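See structure below.
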Amino acid sequence: MSEAVETKVEEEIDLTGANEVIDKYIDMPGSLMPVLQGIQEFYGYIPEETVHLTAERLNVYSSQIYGVLTFYAQFHMEPRGKYIIRICMGTACHVKGAGRISDTIEDRLGIGHAETTDDLKFTVEHVACIGACGMAPVIMVNDGTYGSLTVQKTDEVIDKYKKMD
Ligand code: FES
């Protein structure tokens, strides 16, 4: 009985964090953007339940919020990994073998572009030039940049993050 209750609680989104974010900005003009940014910072993405809560509390339509979420690439509606791996697919990286690097990462993690591992550890994204062409091919893992990659070096980078919490 208590196990079932615990499982149910885990599956539900606790809206306390979202309510606290809304409380902070509710009286500000133009509060929608800071509220959505705050919610994403708290949960790591924008859970659907928080869209409805925000709509109700800020007195806007949910459809307006979905419009904002769709327009701004910074917002994500699905949970994302702790480590975001951005694989540069720009011209310089492409010429220097970004395809091999991408295949290696996707084989190792079992996920492709815009996908997240089931354990929420990794998200893979293909991106345009990240401005480090001199080090092509390049990937970023969160704020860290890894350049002049070979398949072996890529394996080492992935291993390093796999071992981290
Ligand atoms: S093309 Fe990859 S960093 Fe510029």
Side-chain angles (χ1 to χ4, degrees), residues 13-14 17-18 20-22 24-25 28-51 54 58 60 62-165:
I13 294 288
D14 181 350
E20 283 173 5
V21 171
I22 296 168
K24 189 169 162 191
Y25 296 108
M28 264 178 51
S31 54
L32 183 55
M33 283 299 277
V35 163
L36 294 177
Q37 283 160 344
I39 288 173
Q40 179 154 284
E41 202 177 309
F42 187 84
Y43 296 96
Y45 71 111
I46 311 275
E48 187 148 5
E49 295 91 325
T50 69
V51 172
T54 303
L58 296 188
V60 295
S62 294
S63 58
Q64 282 175 264
I65 299 180
Y66 285 120
V68 170
L69 296 177
T70 310
F71 186 78
Y72 292 98
Q74 64 175 293
F75 293 119
H76 304 284
M77 294 217 48
E78 297 292 332
R80 295 185 6 120
K82 180 173 183 186
Y83 300 110
I84 310 293
I85 302 178
R86 296 186 172 90
I87 307 171
C88 179
M89 303 302 265
T91 307
C93 288
H94 174 75
V95 169
K96 294 260 187 146
R100 277 197 312 277
I101 304 309
S102 163
D103 289 348
T104 303
I105 292 170
E106 293 172 8
D107 282 354
R108 289 294 309 274
L109 299 179
I111 53 169
H113 169 60
E115 292 180 345
T116 298
T117 53
D118 290 342
D119 62 1
L120 297 183
K121 193 157 182 185
F122 296 101
T123 295
V124 168
E125 292 178 347
H126 292 178
V127 297
C129 177
I130 55 175
C133 309
M135 297 163 60
V138 181
I139 65 168
M140 290 186 74
V141 183
N142 292 354
D143 294 335
T145 304
Y146 300 88
S148 306
L149 288 171
T150 58
V151 166
Q152 192 191 334
K153 270 187 171 179
T154 306
D155 267 335
E156 286 166 14
V157 172
I158 299 298
D159 276 344
K160 177 176 127 180
Y161 285 94
K162 277 192 153 184
K163 284 182 193 142
M164 285 163 65
D165 283 338

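Note that ligands are numbered from 1 as they come in the structure, with each ligand's atoms numbered from 1 the same way. Heavy atoms only: backbone and side chains are in, while hydrogens, waters and symmetry mates are out. Just so it is clear, the structure is predicted and the values come from calculations on it, not from any experiment.
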> For ligand 1, which atoms sit closer than 4.0 Å to a heavy atom of Ile130?
Replying inline: 3 (S)
>> Out of all atoms in ligand 1, which are within 4.0 Å of some heavy atom of Ala92? Include the element for each.
In response: 1 (S)
>> Quick check on contacts: which atoms of ligand 1 are under 4.0 angstrom from a heavy atom of Cys133?
In response: 1 (S), 3 (S), 4 (Fe)
> Would you call the rings of Tyr161 and Tyr146 parallel, tilted or perpendicular if under 30° counts as parallel and over 60° as perpendicular?
Replying inline: perpendicular
> Numbering the atoms of ligand 1 from 1, which are under 4.0 Å from a heavy atom of Ala132?
Replying inline: 3 (S)
>> Using modelled atom types and a 3.5 Å cut-off, is there a donor and acceptor pairing between side-chain atoms of Glu78 and backbone atoms of Thr116?
In response: no
> By number and element, which atoms of ligand 1 are closer than 4.0 Å to a non-hydrogen atom of Cys129?
Replying inline: 1 (S), 3 (S), 4 (Fe)
> Will you find, in the side chains of Gln152 and Glu156, an N or O donor that is under 3.5 Å from an N or O acceptor?
Replying inline: yes
> Do Met89 and His113 come within less than 4.5 Å of each other through their side chains, counting heavy atoms only?
Replying inline: no
> Considering only heavy atoms, does Cys88 approach ligand 1 within less than 4.0 Å through its side chain, its backbone, both, or neither?
Replying inline: side chain
> Quick one: does Asn142's side chain have a donor or acceptor within less than 3.5 Å of a partner on Lys82's backbone?
Replying inline: yes
